[in-house]
There are 2 protein chains.
Amino acid sequence: MAFPRPKPTTERANPPFNVRKLSALMHGSEKALVLKEKFMAEIARHPAFKLSDIHDLSKDELRERTMEKFASMVYFVTTESLETFTLRMQLIGIADPSFWTRFGVSYGLFLGALRSGATPNQMSYWVDKGVLGLNGVIGCFAMTELAHGSNVAGLETTATFDPSSDEFVIHTPHLGATKWWIGGAASTATHAAVFAQLIVNGKKHGVKTFVTQLRDTKTFQLLPGITIGDIGKKMGRDGIDNGYIQFTYVRVPRAHMLMKHTQVSREGVVTEPPLAQLTYGALLGGRTSMVADSSNSAKKALTVAVRYAAVRRQFASGKNEIETQLLDYPIHQRRLMPLVAQAIAMGFTGLRLQAMYEDMTASLDRLEPSDPNLEDILDKLKETHATSAGLKAFCTWACLDTIDKCRQSCGGHGYSAYSNFPGMYADFAVQCTWEGDNTILSLQAGRALIGAWGAAIKKRRLAPGVAYLGLPNVLSLKSDSSLSLEDIQSAWSCVAANVVKKANQEYLVHLKSGKAKDVAMEQTSQSRFIAAKLHTYGYIFRMFREAVEEMPQGEERKLLEKVCRLYGLWQIEEQQGYFLKYGYFTAEQIDKVQEAVDALCLEIRGVAVPLIDSFALSDHIVNSPLGKWDGSVYESYFAQVQASNPPLKTHPYFDRLIRPLLERENSGSNDDPEREMGLDDELKEMKAEREGPQEVRREDSWHDSRNE
Amino acid sequence: MAFPRPKPTTERANPPFNVRKLSALMHGSEKALVLKEKFMAEIARHPAFKLSDIHDLSKDELRERTMEKFASMVYFVTTESLETFTLRMQLIGIADPSFWTRFGVSYGLFLGALRSGATPNQMSYWVDKGVLGLNGVIGCFAMTELAHGSNVAGLETTATFDPSSDEFVIHTPHLGATKWWIGGAASTATHAAVFAQLIVNGKKHGVKTFVTQLRDTKTFQLLPGITIGDIGKKMGRDGIDNGYIQFTYVRVPRAHMLMKHTQVSREGVVTEPPLAQLTYGALLGGRTSMVADSSNSAKKALTVAVRYAAVRRQFASGKNEIETQLLDYPIHQRRLMPLVAQAIAMGFTGLRLQAMYEDMTASLDRLEPSDPNLEDILDKLKETHATSAGLKAFCTWACLDTIDKCRQSCGGHGYSAYSNFPGMYADFAVQCTWEGDNTILSLQAGRALIGAWGAAIKKRRLAPGVAYLGLPNVLSLKSDSSLSLEDIQSAWSCVAANVVKKANQEYLVHLKSGKAKDVAMEQTSQSRFIAAKLHTYGYIFRMFREAVEEMPQGEERKLLEKVCRLYGLWQIEEQQGYFLKYGYFTAEQIDKVQEAVDALCLEIRGVAVPLIDSFALSDHIVNSPLGKWDGSVYESYFAQVQASNPPLKTHPYFDRLIRPLLERENSGSNDDPEREMGLDDELKEMKAEREGPQEVRREDSWHDSRNE
C-alpha cells in the first residue's frame with residue numbers, strides 16, 4: 001500500500017526569485033555565505049561534531065564530546081583572521097551552543113578580561129604562558145557568585161593585599177560568595193579571572209580582576225585552598241562544565257591583579273584610573289552576537305517547522321482523497337509566516353548592528369581625549385548601548401518563543417527529542433538570562449529612553465536610534481491608510497514616542513512628589529518596560545526597512561519588502577492596543593491590518609519553502625528528521641528512532657517489577673481465549689432493547705476532533 | 001563573616017487572613033485539603049517517589065523508577081473510591097507527571113476504551129482477565145499513527161474481517177500507519193486497544209477499537225506479527241515508555257472488537273449504532289483535569305518563584321546596607337503577582353468545571369431518549385464541550401508560560417536542573433499538544449461561538465457559558481469607570497461578544513461569496529481564534545468571580561476578591577487592544593487599568609508568601625531548593641548540588657584531551673612565576689603618559705549592569 005506524500009520539489013519549482021541571491025543578501029555578502037557553507041562542510045565531516053546522537057548522550061558523555069572539539073578550533077583561532085573566525089563561531093553557535101559557550105568562556109571571557117584589564121607587560125606575560133593557544137593556560141571567568149548575579153559591584157569574594165609578602169589573599173567569606181556557574185571550572189580550566197573586592201589597608205576599593213591559578217597544569221590537581229565542585233545538570237548546554245569555586249586564603253602575586261586601570265603599588269598605594277573604562281563597547285559586542293544568534297536559532301527552528309508543514313498532511317478538505325498540507329491551512333500560515341518574517345527582521349538587524357559595532361569600535365580605537373567629536377561619539381555609543389540592551393532582550397525572547405511555537409506547530413513529533421526542538425529550546429533559554437536578565441535590560445533601555453525624551457523636548461541633538469522622538473508632531477501622527485512601509489514606520493514612531501513620553505511623565509510625577517531618582521525610576525518600571533518594548537520593535541522594523549531599501553531593485557528585494565511589511569503589520573497587530581490608544585489607527589484600520597496580515601501570510605506561504613532554503617542551513621546543522629531538505633521526514637525520523645534505540649536483548653526489569661504484577665492472585669489465564677464469550681447472544685439482546693423510540697441521531701464522535 | 005538574609009518568618013507574620021481557611025477554599029473543601037496532605041505525607045516517605053535525585057537519572061533509570069510506583073497505586077485504585085483516587089492521582093500528577101501518564105494510559109485510556117466501547121459481556125471477560133488489577137493484562141492505547149495525529153478518522157491501520165476464521169486481521173499497511181507515541185508499548189503493556197479501519201467484505205466502516213495482545217504474559221516475548229520499538233528520548237516525561245507498533249497480519253478473535261456501538265456479526269453483517277456515541281463526556285473529563293493540572297503546575301512553579309523572590313536580594317537601594325528583596329521591586333511584583341492571580345483563577349475554574357462535569361455525567365447516566373429535557377442537556381453538554389476546548393488550550397498555554405516566566409524570574413539559578421523549572425517545563429509542554437493541539441481546539445471553540453452568535457441573534461435559548469451573548473446591548477456596553485468586579489465582567493462580555501460577532505460576520509461573508517462551509521470556516525480561522533481567546537479569558541474570570549461570590553464573607557473572601565480583580569484587570573491590560581477597539585474603555589480608562597494593576601500587585605505582594613503557602617504544596621512535591629518553605633535557599637541548593645555531583649576520583653578525560661592541549665609546543669612553564677614582570681616600572685610609565693589633558697570622567701563601568 002502506498003504512502004502518498006507531497007514532494008518538496010513541487011514547492012521549490014520556479015520560485016519568483018533567485019534563492020542564492022536572496023541568501024547572499026541575508027548573509028550580508030556572497031563571501032559570508034560561501035564561508036558559512038565551507039564551515040558547514042567541515043564540521044559535517046568532523047567526528048567530534050556528530051550531532052545525530054547528541055540527544056541520547058549522558059551529561060558526562062556530552063562534556064567529553066564537547067572537549068574533543070577544542071583542539072580543531074584552537075588551530076583555527078590561531079590561524080584565521082578575527083572576522084573569519086567570528087563567522088565560524090557564529091555558525092558553530094547554531095550547531096552546538098554548548099561548545100560555543102565552553103570555548104567562549106576561555107576565548108571570549110577569560111582572554112577578553114586580560115585584553116581589557118592587563119597592562120601590555122602583563123598581557124605578554126600571559127601570552128608567554130600560553131593563553132592564546134591554550135598551551136599552558138586554559139582560563140575561565142569567575143565573576144558570578146551564588147548570591148550575586150547582575151550586581152557585580154556587590155560581589156563578596158575578597159582580595160586583600162598583604163604588603164609583607166607582596167601578595168593578594170583571595171578568599172570566599174561565606175557560602176553566598178561562592179563563585180557559581182563558572183563555565184569550564186568543573187573540569188577544564190587551569191586558571192580563573194577572579195572578580196573580587198580589592199581591600200588594601202582595610203579599605204575596600206571595589207571589584208577588580210585577579211588571575212588565579214586553580215590547578216596544577218601537569219597533574220590537574222587542585223591547588224591548596226581551592227575547592228571546586230561541579231554544579232551539575234542544567235536545563236541545556238550540558239556540554240559545558242559549569243562549576244563552583246571557593247577560595248580559602250589563596251595567595252596570588254600582586255602582579256596577577258590586572259592593572260591597566262586600577263593599580264596597587266608595592267607599598268599598597270591604590271591608583272584609580274582617571275579615564276572612563278569604555279566597556280560599553282565590549283558589552284555591545286556580546287549583545288550584537290546575541291541578536292544574530294536569535295535570528296539564526298529562530299531560522300533553524302523555522303527551517304524544521306516550515307519544511308515539516310509542507311510534507312505533513314492532516315484532514316481531507318471536502319471530497320479530496322489526499323489530505324491537506326498543513327501549510328495550506330490559513331491558521332498554520334498565521335502560526336509560522338509572521339515568525340519567519342520576524343527571524344529575517346532580526347537577521348538584518350543583527351547585520352546592521354554588527355556593522356555599527358565595528359564602526360564604533362574603530363572610532364573608539366582612534367579616539368583621543370581632545371577629539372572635537374568626542375561627545376558625539378560617546379553619545380552615539382551610549383544610545384546604541386541602550387538600544388542594544390532592548391534588542392538583546394526582545395530578540396532573545398522572540399527567538400525562544402519562536403522555537404516553542406515551531407515545536408507546537410509540529411504536533412506530537414515536536415515533543416520527540418529527535419525533532420531537536422527540545423534541545424534548541426533548552427539550549428537557547430539561558431540567552432534570556434545571561435549577559436543581563438531580559439527584564440532588567442529592558443528597564444535600562446527604558447531609562448535611556450526617558451532621558452532621550454527629555455533631550456527631545458529640549459530640542460537637543462538626538463542619536464540616530466532615537467531621532468524619531470524629535471520628529472514634528474510625532475505624538476499625533478495618523479495613518480494614511482496605505483499600510484505601506486512608510487505608513488508602518490510612522491505608526492511605530494508615533495506609538496513609541498507616545499509610550500516614551502508617558503514613561504517620562506510618570507517619572508517626573510514621581511520625582512515631583514519628592515521621591516529619590518532611583519525610587520522614581522523603580523515606580524516607573526512598567527511604563528519603562530512598555531517604552532522599551534515598542535521602541536525596540538519599531539527599531540527592528542526600521543533596521544529591516546533600511547536594509548531592504550539599500551538593496552538593488554529586483555525580485556529578491558520585492559520579496560523582502562513583503563516580508564518587511566508582514567513583520568511590521570503583524571507586530572502592530574500584536575501590540576494593537578497602543579496603536580488604537582494613541583489614535584494612529586482607527587478600529588476599522590486595525591481590521592484592515594488584520595486582513596493585510598492574512599493576505600501577506602498567504603502570499604509568503606507560496607514561496608515559503610524556497611524562502612526557508614535561503615537560510616542556508618544544512619541538514620547536519622538543523623539536525624532534525626522533521627526538517628529534512630528532501631522531504632524524507634518519516635523515513636528519516638523512523639531511521640533515527642531505530643538507530644538511537646536499538647532493541648534490548650533482555651527486558652531490564654520485567655522479572656523484578658512487571659512479572660509480580662501480572663502474576664498476582666486472581667490473574668486470569670490467557671491460554672483460554674473464550675473467543676465467543678456469548679457475545680452474539682448479547683448483541684441480539686442489545687438490538688432488541690434499542691428498538692424503542694429514537695430521537696438522537698448518530699454522530700461520528702471523532703468528527704469532533706477534526707480540524708474543521 | 002555573616003551571610004545576612006531575610007527570614008520568611010517576617011513575611012508570614014500576621015497575615016490578615018487565615019491561611020488554612022483560604023487553603024480549604026482553594027481546594028474546594030477542608031476534606032480535599034486533608035486528603036491532599038495525607039497523600040503528600042505518604043509519597044514523601046515512599047522510596048519510589050524520591051524526587052530529589054530525579055534530575056540526574058538516565059532515561060532508563062527513570063523508566064524503571066516509574067514502574068516501581070505501579071504496585072503501590074494498584075493497591076489504592078482497587079480499594080479507594082473513585083473520588084478519592086482521582087484526588088490522589090491529581091496530586092501525583094503534580095509530583096511526577098511521567099508516572100501519572102504511564103499509569104494513566106493503562107487506567108485512564110485503555111480501561112476507558114473498554115468502558116466506553118465494550119459490551120457488558122466483553123467487559124466482564126476482560127475484568128476476569130485482570131484489567132482492573134493489572135494482574136494478567138496491562139493495557140496501552142494504540143490510537144495515534146506516525147502520519148496521523150488529530151485526524152482519527154483518517155487512521156490507516158486496517159482490521160479486515162476474515163469470515164472463514166471469524167477473526168480480524170490487524171495490519172499496518174505502510175510506514176505512515178505505524179502506531180506511534182504509544183505510551184506503555186515499549187516495555188510495559190501486554191495488550192493494546194488498537195484503533196483501526198474496520199473492513200468487511202472490502203468495505204470500510206470507519207475506525208473501531210480492537211483489543212490486541214502484544215506480548216506473552218508469561219515470557220513478555222512479542223507475539224508473532226507484532227513489531228515494537230522504543231521511540232526514545234522526549235522533551236520530558238521520560239519515565240513513560242512510548243513506543244511504536246507495527247502489525248503484520250495479526251489475527252484477533254472477532255469478539256476482541258469492542259462492540260457496544262458498532263457490531264460485526266458472525267456472518268459479517270455490520271450494524272451501526274443508532275444512538276449518538278456520547279463521547280463528549282469522556283473528552284470533558286480529560287479537559288477538566290487539564291485545567292486543574294494547569295492551575296496546580298502553575299502554583300508549583302510560583303511557589304518556587306515567590307519564595308525565592310522573598311529570600312533573594314539584589315542591589316542596595318540608596319544608602320541601604322542590605323540589598324533589596326526581589327519581591328519589593330515593582331517590576332518583580334509585575335512579573336509574578338498577575339501569574340499568581342491567574343493560577344488561582346484557573347484553580348477555581350477547574351473546581352467549577354469538575355462539579356459541572358460530575359453533574360453532567362450524572363444527568364447523562366440518567367438520560368432516556370424520551371427525556372423531555374434531552375435537548376437542553378445535550379445543548380449544555382455541547383456548549384460546555386466547546387468551552388472546555390478553549391479552556392484546555394488557554395489554561396495549558398498559560399501554565400507553560402508561567403513556568404518559564406518563573407524560571408526567568410529566578411535568574412541564572414532557574415536554569416539549573418535542580419531548580420526544577422527545566423523539568424516542569426519539559427514535562428508540561430506536551431499538554432499544549434495532546435488531547436488536541438491547542439490551536440486546533442481553540443478553532444473548535446471558535447466554531448461553536450460562531451454558532452452561538454447565530455442562536456443569540458435569533459433570540460434562541462443560550463447555554464449558560466454563552467448566555468452573555470444574548471445580553472441587551474452587549475456590543476455597546478461602556479465602562480462605569482469603577483473597575484469593580486461587575487465592571488470587569490461587563491468589559492469581558494462586551495468585548496467577547498464583539499469578537500464573536502466579528503467572526504460570525506466574516507464566516508457569513510465567506511459563505512455568501514460561494515465558499516463551502518468548511519472553506520469558509522478555514523478562512524475565518526484567525527477571527528475564530530481571537531473569539532475563542534477572549535471568550536475563554538472572560539469565562540475564567542466569571543468562574544473565579546462566581547466562586548468568590550459564593551464564599552462566606554470574611555478576610556479570605558476579601559483577599560480573593562482582590563486577586564480576582566487583579567486577574568480580570570491584568571488580562572484586560574494584556575488584551576487592551578480589543579477593549580479600546582470596541583470602545584468599552586477609553587484611552588484614559590486604560591491608563592487607570594494599568595495603575596490599578598500596579599496597585600493590586602503591590603497590595604498582593606504584601607501577603608504573597610502566606611498566599612503561596614495556601615497552595616499547600618510540600619517541599620517534597622515542589623522539589624526545588626529555591627522554593628524551600630523555611631527560606632534555606634542557598635544551603636539547600638548547595639547541598640543538593642553537592643549530593644548530586646560527588647567529586648570524581650579521576651578526571652575522565654584529562655590525559656586523553658586536556659593534557660595534550662596544555663603540553664603542546666610553545667607552552668610556557670608555570671614553575672617560573674616571574675612575579676614582578678617589570679610591572680612596577682611599567683606602571684610608572686603609564687602614569688606619566690596619563691598626565692595629559694583629561695576630559696572624560698571615570699565612570700564605574702559596572703554600574704551599567706545595575707538594576708537601576
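The structure displayed is predicted, hence computed values, not measured ones. So that the names make sense, note that chain A is the first sequence line, chain B the second, and so on, each numbered from 1.
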Inset, instruction - Ignoring hydrogens and angles, tell me if any N or O in the side chain of A:Y653 forms a donor-acceptor pair with the backbone of B:M67 under 3.5 Å. - result: no
Inset, instruction - Measure B:T119 against the heavy atoms of chain A and call it side chain, backbone, both or neither at under 4.5 Å. - result: both
Legend entry - Contact origin within B:Y244 toward chain A - heavy atom pairs under 4.5 Å: side chain
Inset, instruction - Decide yes or no for B:M259 and A:D680: does some side-chain heavy atom of the first lie under 4.5 Å from some side-chain heavy atom of the second? - result: no
Legend entry - Residue, of B:D598, B:I231, B:T433, that accumulates the most heavy atom pairs under 4.5 Å with chain A: B:I231
Legend entry - Among the listed options A:G412, A:S644, A:A426, the residue most often paired with chain B at heavy-atom distances under 4.5 Å: A:G412
Inset, instruction - Determine the minimum heavy-atom distance between B:G577 and A:Q576, stating which atoms define it. - result: CA-CG, 3.9 Å
Inset, instruction - Determine the option with the most heavy-atom pairs under 4.5 angstrom with chain A, choosing from B:E68, B:K59, B:Q642. - result: B:E68
Legend entry - Heavy-atom side-chain contact between B:L662 and A:T190 under 4.5 Å: yes
Legend entry - Which atoms of A:F654 approach chain B - backbone, side chain, both or neither, heavy atom under 4.5 Å: side chain
Legend entry - Interchain contact, A:I590 with chain B, by part (heavy-atom threshold 4.5 Å): side chain
Legend entry - Any A:F70 side-chain heavy atom under 4.5 Å of B:L657 side chain: no
Legend entry - Heavy-atom donor-acceptor pair, B:E682 side chain to A:N121 backbone, under 3.5 Å: yes
Legend entry - Between A:F638, A:Y582, A:F529, the one whose heavy-atom pairs under 4.5 Å with chain B are most numerous: A:F638
Legend entry - A:P660, part contacting chain B, at a heavy-atom distance under 4.5 Å: neither
Inset, instruction - Check whether any side-chain N or O of B:R664 sits under 3.5 Å from a backbone N or O of A:G133 as a donor-acceptor pair, and report yes or no. - result: yes
Legend entry - Nearest-0.5 Å distance that lies between atom CD1 in B:I331 and atom CD1 in A:I440: 8.0 Å
Inset, instruction - Could you check which of A:G229, A:A516, A:C432 has the highest count of heavy-atom pairs closer than 4.5 Å to chain B? - result: A:C432
Inset, instruction - Count the heavy-atom pairs under 4.5 Å between each of A:P652, A:G414, A:G232 and chain B, then report the option with the highest count. - result: A:G232
Legend entry - Straight-line distance of B:L146 CG to A:Y634 OH, nearest 0.5 Å: 6.0 Å
Legend entry - Proximity breakdown for B:L661 and chain A, heavy-atom pairs closer than 4.5 Å: both
Legend entry - Structural part of A:T144 lying under 4.5 Å from a heavy atom of chain B: neither
Inset, instruction - Go through the atoms of A:S187 and report whether side chain, backbone, both or neither lie under 4.5 Å from a heavy atom of chain B. - result: both
Inset, instruction - Among the options B:A587, B:P422, B:S58, B:G206, pick out the one with the most heavy-atom pairs lying under 4.5 Å from chain A. - result: B:P422
Legend entry - B:W434, part contacting chain A, at a heavy-atom distance under 4.5 Å: neither
Inset, instruction - Tell me, out of A:Q594, A:M235, A:Q408, A:Q575, who's got the most heavy-atom pairs with chain B below 4.5 Å. - result: A:M235
Legend entry - Part of A:S416 within contact of chain B (heavy atom distance under 4.5 Å): both
Inset, instruction - Sort A:V137 into side chain, backbone, both or neither according to what part of it lies under 4.5 angstrom from a heavy atom of chain B. - result: backbone
Legend entry - Check: B:W180/A:Y637 side-chain N/O donor and acceptor closer than 3.5 Å: yes
Inset, instruction - Mind checking the NE2-CD spacing from A:H651 to B:E64? Nearest 0.5 Å is all I need. - result: 9.0 Å
Inset, instruction - List the atom of B:Y418, the atom of A:K233, and the distance in Å for their closest heavy-atom pair. - result: OH-N, 3.2 Å
Legend entry - Pairwise distance CG(A:D230) to CG(B:N645) - rounded to 0.5 angstrom: 4.5 Å
Inset, instruction - Compare every heavy atom of B:Y415 with every heavy atom of A:A429, then report the nearest pair and how far apart it is. - result: CB-CE1, 4.0 Å
Legend entry - Heavy-atom proximity to chain A below 4.5 Å, by part of B:V74: side chain
Legend entry - Rounded distance [0.5 Å steps], CD in A:E663 versus OG1 in B:T217: 7.5 Å
Legend entry - CZ-CG distance between A:R254 and B:L679, expressed to the nearest 0.5 angstrom: 6.0 Å
Legend entry - Close side-chain approach of A:F220 to B:I658, heavy-atom, < 4.5 Å: yes
